[in-house]
Novice: 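Before anything else, here's the structure in question.
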There are 2 protein chains.
Amino acid sequence: MRKTQQRKTVLDVVFSSPEHFDADQLQERLPPKGSTDFVSRPTVYRTLSEFVDAGLLRKFELDGRSVYEHDLGYPQNDHLYCMECRKLTEFSSPEVSNFAAQVSAVHQFQMRGHRLIIRGVCADCRQRKRRQRRPVDLI
Amino acid sequence: MRKTQQRKTVLDVVFSSPEHFDADQLQERLPPKGSTDFVSRPTVYRTLSEFVDAGLLRKFELDGRSVYEHDLGYPQNDHLYCMECRKLTEFSSPEVSNFAAQVSAVHQFQMRGHRLIIRGVCADCRQRKRRQRRPVDLI
DNA sequence: TTCTTTGCAAATTCTTTGCACCGAA
DNA sequence: TTCGGTGCAAAGAATTTGCAAAGAA
């Protein structure tokens, strides 16, 4: 595997923030179209795919798009997903993992992994909505 | 809302089986292109969307496609997903629900719902693979 | 008749592929 | 020099939309 400017650029940006992202969000953080170290959309996808294979990132689907997260070496199976700002907050719970293993055993199911997504509205967005609503409520 | 042949046809087929399905799988079970009661692809999507709004079906994303399940009036938040045959087996667990509520509270997160997907290989597919492998192993 | 619903074709969105050129090694 | 890697354009797959014609009420 060759050390190219594109792979370096993507690597830098991907690991400059601990946040989840999709291909679109990543490209927004990469150098724009005129720059010397611009990275094209196909290369973004190809590079992300390589990083997943290399174990640097994990990929999963959300709302029909592919979302990537850093592979921190320990399980990150569980997420709070804000339906307003699309922010993901991750955690991992032995309770859920044990439960999943137990259910799999009962169904003679060979478990390869599991993922719990809790949908809702995050604290920030609730705050924002409350503030926005107040002036109207007072009329 | 008008009573059209298309809506009736889709309704019949959707509720003729308790299985999960995506738009493609549904259309395969609908009358083919020449038939009197053919339903076009856009109408399939529009009708499914109406059924979701009406509370007859629930929709969620899996592997980048939209998957529909019957809304049976009780929670079906948890699924075993076979990566081989794509079969979904559903269940619902108060443990996971309670856990989700508890985590949400800690994060001041307003929970709207949750979904646990356990990925792996179902009992049937394990059987099938074992059978297929045997002749080769004996050589 | 009226106004919703449908089918067709085309547009969108996200992702992947074909291919000629570029550039690490 | 040699292949692997890249950008562009185009292809795909899933879903949605514009619009004129069809058909419930």
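Within every chain, numbering begins at 1; the chains are lettered A, B, ... in the order of the sequence lines, protein sequences first and strands thereafter. Keep in mind that this is a model prediction, so the values were computed, not measured.
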Novice: Near DNA chain D, counting only heavy atoms under 4.0 Å, which residues of residues 2-22 of chain A show up?
Specialist: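 Close to the strand are A:R2, A:T4, A:Q6, A:R7.
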Novice: Once Watson-Crick and G-U wobble pairs under 3.5 Å are found, how is DNA chain D written in dot-bracket notation, 5' to 3', with | for any base paired to another strand?
Specialist: |||||||||||||||||||||||||
Novice: For A:Q108 and B:R126, which I'm curious about, is there any donor-acceptor pair between the side chains at under 3.5 Å?
Specialist: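 No.
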Novice: Please give, in whole Å, the distance from D:dA14 P to B:L48 CG?
Specialist: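 Interatomic distance, CG of B:L48 to P of D:dA14: 15 Å.
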Novice: Whole angstroms only, please: what is the CZ-P distance between A:R65 and D:dT15?
Specialist: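 That distance rounds to 15 Å.
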Novice: Could you give the CD-to-P distance, from B:E50 to C:dT5, as a whole number of Å?
Specialist: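 Checked: the CD to P distance equals 7 Å.
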Novice: Could you check if a side-chain atom of A:E90 sits within less than 4.5 angstrom of a side-chain atom of A:H20, using non-hydrogen atoms only?
Specialist: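 Heavy-atom side-chain distance check passes, below 4.5 Å.
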Novice: Would you compute the distance between atom CZ of A:F99 and atom CD of B:E95 and round it to the nearest 0.5 angstrom?
Specialist: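 Those atoms lie 5.0 Å apart.
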Novice: Give a yes/no answer on whether the side chain of B:S66 brings an N or O atom under 4.0 Å of OP1 or OP2 in D:dA14.
Specialist: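 No, no such contact exists.
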Novice: Roughly how many Å is it from CG in A:D63 to P in D:dT16, rounded to a whole number?
Specialist: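 Atom CG in A:D63 sits about 12 Å away from atom P in D:dT16.
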Novice: Looking only at the side chains, is there a donor atom on one of B:R7 and B:T43 sitting less than 3.5 Å from an acceptor on the other?
Specialist: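 The answer is no; no qualifying pair exists.
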Novice: Measure the CG-CD1 distance between A:L88 and A:I117 for me, rounded to the nearest 0.5 Å.
Specialist: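 With rounding to 0.5 Å, CG (A:L88) is 6.5 Å from CD1 (A:I117).
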Novice: About how many Å separate OG of A:S93 and CG of A:N77, when rounded to the nearest 0.5 Å?
Specialist: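 It comes to 9.0 Å.
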Novice: Which heavy atom in A:E84 sits nearest to a heavy atom in A:C125, and how many Å separate them?
Specialist: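 Looks like CB-SG, 3.5 Å.
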Novice: Please report the distance, rounded to the nearest Å, between OH in B:Y68 and P in D:dA14.
Specialist: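 My rounded result for the distance is 13 Å.
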Novice: Could you give me the CA-CA distance, side-chain angles and deciding distance for B:R115 and B:E69, then say whether salt bridge (Lys or Arg N to Asp or Glu O under 4.0 Å) is met?
Specialist: CA-CA 13 Å; B:R115 200 169 283 275; B:E69 68 187 359; 3.6 Å; yes
Novice: Contacts to DNA chain C from residues 25-47 of chain B, heavy-atom cutoff under 4.0 Å, which residues?
Specialist: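 Heavy-atom contacts with DNA chain C come from B:F38, B:V39, B:S40, B:P42, B:T43, B:R46.
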Novice: Measure the spacing between NE2 of B:H114 and CG of A:L116 and express it to the nearest 0.5 Å.
Specialist: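 Here the interatomic distance stands at 7.0 Å.
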Novice: Working to the nearest 0.5 Å, report the span between CG of B:D22 and CD of B:E61.
Specialist: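 One finds 11.0 Å between CG of B:D22 and CD of B:E61.
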Novice: For the CZ atom of A:F109 and the SG atom of B:C82, what is their distance to the nearest 0.5 Å?
Specialist: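 One finds 6.0 Å between CZ of A:F109 and SG of B:C82.
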Novice: Tell me the interatomic distance from A:L62, atom CG, to C:dT13, atom C1', rounded to whole angstroms.
Specialist: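 Atom CG in A:L62 sits about 16 Å away from atom C1' in C:dT13.
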